[in-house]
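Notes to accompany the following structure.
In what follows, every heavy atom counts, from backbone to side chain, and hydrogens, waters and symmetry copies are set aside. Worth saying up front: this structure is predicted, and the values here are computed from it rather than measured. Note on naming: letters A, B, ... go to the chains in the order of the sequence lines (proteins, then strands), and numbering restarts at 1 for each one.
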Amino acid sequence: MSKKDFKKSAAYMESVPKMKKIMRNYYLKAKYARYLGRKVAWITSGGPVEPLIAMGIIPVYPENHGAMIGVSRTGVKLCEVAEGMGYSTDLCSYARADIGCSAAGGGPIGGLPKPDMLICCNNICGTVLKWYEIQARKFRVPLFIFDTPFVHTEFTKEAKTYVDRQVEDYIRFLETVMKKKFPRDKMNVVGKRSVEAMRLWQQVLDTATAKPAPLTAFDAFFHLALIVTLRGTRTVLRYYRFLLDELNRRVENGIGMVKTEQYRFLWDNLPIWHRMRWLSRTFAARNAALVADTYTSAWCGTVDHIDENDFLGSMGEAYTRIYLNIGVDKMAEKVLNMIDKYEVDGLVMHSNRSCKPYSFGQYDIRRIVQEKRGLPVLILESDMVDARKFSEAQAETRIDAFMEMVGQK
Amino acid sequence: MNSTEIIEKFRTAARDPFHCVRSLKKEKHCPVVGYTCTYFPEEIVLAAEAHPLRLFGESGMVLKADAHIQAYGCSLARSVFEDALSGQLDFLDVMAFPHSCDTMQRLSDIWRLNIKNTVHLDLLFPVHLKSEAAGDYLKAVLERFKKELEQALQTEISGSALSGAISLTNRIRSALHSLYRIRAAAPERISGSDLNRVVRGCMILDRSTAADLLETLADELGSVNFPAGKQPVKRLLLSGGACLHPDIHDIIEQQGGAVVWDDLCTGNRYFDTPVPDGPSPVSAIAERFLDRAVCPAKHSGIDRRGKELSELVSKYEINGVIFLLLKFCDPHGFDYPDLKATLEEAGVPSLFLEVESGKPVDGPTRTRVETFLQILNQQEPMT
């Protein structure tokens, strides 16, 4: 399809080039932070970024970089560098790719700018703790750990006290590293913007309740980058308002991302970044749209726990209660809610060898979904970045068998 | 009882822990509390007049657990869960999961959803051990566990019972430490495989019995006169998680080596650092957790594990280190390359082995150990 034809097609969205431009500028700014007199913090994807924004620190996300490595299919090469250093192939491929990239350079943007500090929040996994320890030893920069106790069944009183105290420790850490006072007034503004961004992001995802869905999970994986990296900034608000307008227009005009949308599915776990296009086409060719996912909604799932007038006072709890930091039964409840909300015909689960906290428990969630909703469930075993752990032929066979089951419903 | 008879008791316990604990439960009518990690306050369980049992996974073949945990879960978690699903753990009254790694964290959820005949408790330990907030939080977590256990077992845990339990576990730690020192000084006095079984046995047997046996064993082995001028031996250190492969020691010893110290959950990390004296027993237990040899799933500074390993290597005059990791163990897997580099800087050779619980050491692993020892033996003998 020519560029001109693509612009006229249903798949084209004006927001996409806008987003690419924002991300390009963001990475340029991060790469040249030193020349701009700015400090760079590496932070985990589920980490509390807002205090960094308030402090004028540029946040950089090795996991977002990992996703870019996956999409650009440079993951295997970088993982192999880490494996040569002694890191097992069974370890998280984001971590392996980042460690490999830090050691040998390469990747789609020639590596990340060196950090001045590291901010690690273990609400997404224990892997990030080890990963950030490794990078702290390599770069010899201060490391702050925001430790969020797991919420198996309840968020305990002592856990609340613990995370609240760490918010204050975090502020003190930033003041020490930056040698300046933390701007609490600015924090209030950033906090409000962050909450608004989360609400907007939820509205963006909610547009997929329309039939046909104006965007699929594959689009959400792309548009997600801003809510992860820059929430708390005006840029994010402007962009998501623009995106939301465009999506609402598509809904009004009945434009679906999958033109022939007949089946609607829910995706679970991180994307298989190196096979995004292939998966998108494979499902679309079978008249199926992955209309929602459990991954991108994680960045707005706890907005109700945040008091926008007391962001610092409430963020500890909100960051502790995120999707990956709760029990399997609570996750299953959220999956069931999404199944109902987006009126899906099946669940597609990515059993991701790189993400154990996301993947272990999926078999029980599958059972719960089958028992409570009677929906077919497909499990695709792969890895988010390491393409060696994916077989197109095997996946296609499984998808065909799954579509047959869906068709019989 | 002589040392051979004592060692046989530990061998029996390690060979069939469930039979051992079933008999104990029948005899003493005490509730049994299962757990999965060395960051577990055995003292609180003992003070409740219950029996703590560390689970290592006895099922060699994983069948039922396959329906719940993917094959890329570590064999320890899968095997422990197989034990539960196949009814082998039906004697447990309480199952407690101290927070350790991502896999165990999810196993706790999966267990709670599928195993209904036990009281299920989570100990949401902090991961960060080096902040004041974490220390206070850890104490609160232990207090909560105490209350929940009291409720589950319908009992009250007194301060004096806790102090008594602390004395008992400290006796075990001290005696194990003595045994390790004996082994470090004269490896021929107790084989590595037996010492491994002794440590594991301490997590299985009645703790008073274990303490008495250990003290007698340490006295006996410490007093034996061995002929001077023994052959030099290559002194090794074993590093990793839980070592469920006593046979690795036999391979090493056949090649003229001996593991004289370790950095394992079934070793040094279990007995390192006694619970200190203090006005509050719970606070004292917490203090020990903050100070003891650290597990890679916890954070206690970015260099601490490397420093601890280097200190052990130097203190026990180690010639080589064998990293014995369970396949799919992320915390240890991430630490390995930097630990290896630290050893290389100090000129200490190391070997990396990946094993699975419930499966014997395979042929290629045996060959690698033998080759490693042969290379070490070609180096200058120890003086």
(message) Please classify the contact between A/Asp164 and chain B as side chain, backbone, both or neither, with a heavy-atom cut-off of under 4.5 Å.
(response) neither

(request) Side chain from CB out, backbone as N, CA, C, O: work out which of these in A/Thr156 comes under 4.5 Å of a heavy atom of chain B, or both, or neither. (result) both

(message) What I want to find out is whether A/Arg137 reaches B/Asp303 closely enough, with some N-O distance under 4.0 Å, to be called a salt bridge.
(response) no

(request) Check whether B/Ala134 gets within reach of chain A through its side chain, its backbone, both or neither, counting any heavy atom under 4.5 Å. (result) both

(request) Between chain B and each of A/Glu133, A/Gln362, A/Lys138, A/His152, count heavy-atom pairs under 4.5 Å; write down the option with the most. (result) A/His152

(message) Among B/Ser108, B/Gly301, B/Cys101, which residue has the highest count of heavy-atom pairs closer than 4.5 Å to chain A?
(response) B/Ser108

(request) Look up atom CG in B/Leu124 and atom OG1 in A/Thr148, then write down how far apart they are to the nearest 0.5 Å. (result) 11.0 Å

(request) Heavy-atom distances under 4.5 Å only: say whether A/Ile326 touches chain B with side chain, backbone, both or neither. (result) backbone

(message) Report which part of A/Ile134 has an atom under 4.5 Å of a heavy atom belonging to chain B: side chain, backbone, both, or neither.
(response) both

(request) Hey, could you give me the SG/NE2 distance between A/Cys120 and B/His128, rounded to the nearest 0.5 Å? (result) 10.0 Å

(message) Any heavy-atom pair between the side chains of B/Gln105 and A/Lys356 that's under 4.5 Å?
(response) no

(request) Could you tell me whether the side chain of A/Phe150 reaches within less than 4.5 Å of the side chain of B/Arg106, counting heavy atoms only? (result) yes

(message) Please identify, among B/Pro296, B/Gly306, B/Ala140, B/Ala297, the residue contributing the most non-hydrogen atom pairs under 4.5 Å to chain A.
(response) B/Pro296

(message) Take a 6.0 Å sphere around NZ of B/Lys327 and say whether it holds more than 12 heavy atoms from other residues, nucleotides or ligands.
(response) yes

(request) Please determine, among B/Lys340, B/His299, B/Glu132, B/His99, the option with the most heavy-atom pairs under 4.5 Å with chain A. (result) B/His299

(message) Could you report the tightest heavy-atom contact between A/Gly361 and B/Ile110, atom names first, then the distance?
(response) N-CD1, 3.7 Å

(message) Report which part of B/Ala133 has an atom under 4.5 Å of a heavy atom belonging to chain A: side chain, backbone, both, or neither.
(response) both

(request) Taking only Lys NZ, Arg NE, NH1 and NH2, and the carboxylate oxygens of Asp or Glu, determine whether A/Asp147 and B/Lys298 approach each other closer than 4.0 Å. (result) no

(request) For the residue pair A/Phe360 and B/Met104, establish whether any side-chain heavy-atom pair is separated by less than 4.5 Å. (result) no

(request) Name the member of A/Gly86, A/Pro149, A/Pro357 that forms the most heavy-atom pairs with chain B at distances under 4.5 Å. (result) A/Pro357

(message) A side-chain contact here means heavy atoms from C-beta on lying under 4.5 Å apart; do A/Met331 and B/Asp109 qualify?
(response) no

(message) Do B/Asp330 and A/Lys130 have side chains that approach each other closer than 4.5 Å (heavy atoms only, starting at C-beta)?
(response) no

(request) Against chain B, label A/Ala95 side chain, backbone, both or neither, depending on which of its atoms sit under 4.5 Å from a heavy atom there. (result) side chain

(message) To check you understand the geometry: which heavy-atom pair defines the closest contact between B/Pro126 and A/Tyr162, and what is its length?
(response) CB-OH, 3.7 Å

(request) With the side chain counted from C-beta on, respond yes when A/Ile145 and B/Val127 share a heavy-atom pair under 4.5 Å apart, and no when they do not. (result) no

(message) Please rank B/Asp102, B/Val141, B/Ile69, B/Thr103 by heavy-atom pairs under 4.5 Å with chain A and give me the top one.
(response) B/Asp102

(message) With a 4.5 angstrom heavy-atom cut-off, is it the side chain or the backbone of A/Arg367 that approaches chain B, or both, or neither?
(response) side chain

(message) Is the shortest side-chain heavy-atom distance between A/Glu381 and B/Tyr72 below 4.5 Å?
(response) yes

(request) Measure distances from A/Asp364 to the heavy atoms of chain B and classify the residue's part below 4.5 Å as side chain, backbone, both or neither. (result) side chain

(message) Would you say that B/Lys139 contacts A/Glu158 through its side chain, given a criterion of any heavy-atom pair below 4.5 Å between the two side chains?
(response) no

(request) Determine yes or no for a side-chain-to-main-chain donor-acceptor pair under 3.5 angstrom, with B/Gln70 supplying the side chain and A/Ser351 the backbone. (result) no

(request) Heavy-atom distances under 4.5 Å only: say whether A/Thr161 touches chain B with side chain, backbone, both or neither. (result) neither

(request) Check side-chain contact (heavy atoms from CB on, under 4.5 Å) between B/Lys147 and all other residues, then give those that pass, not counting sequence neighbours. (result) B/Glu150

(message) For B/Asp66, give me all partners under side chain to side chain donor-acceptor pair (under 3.5 Å), at least two apart in sequence or on another chain.
(response) B/Arg78

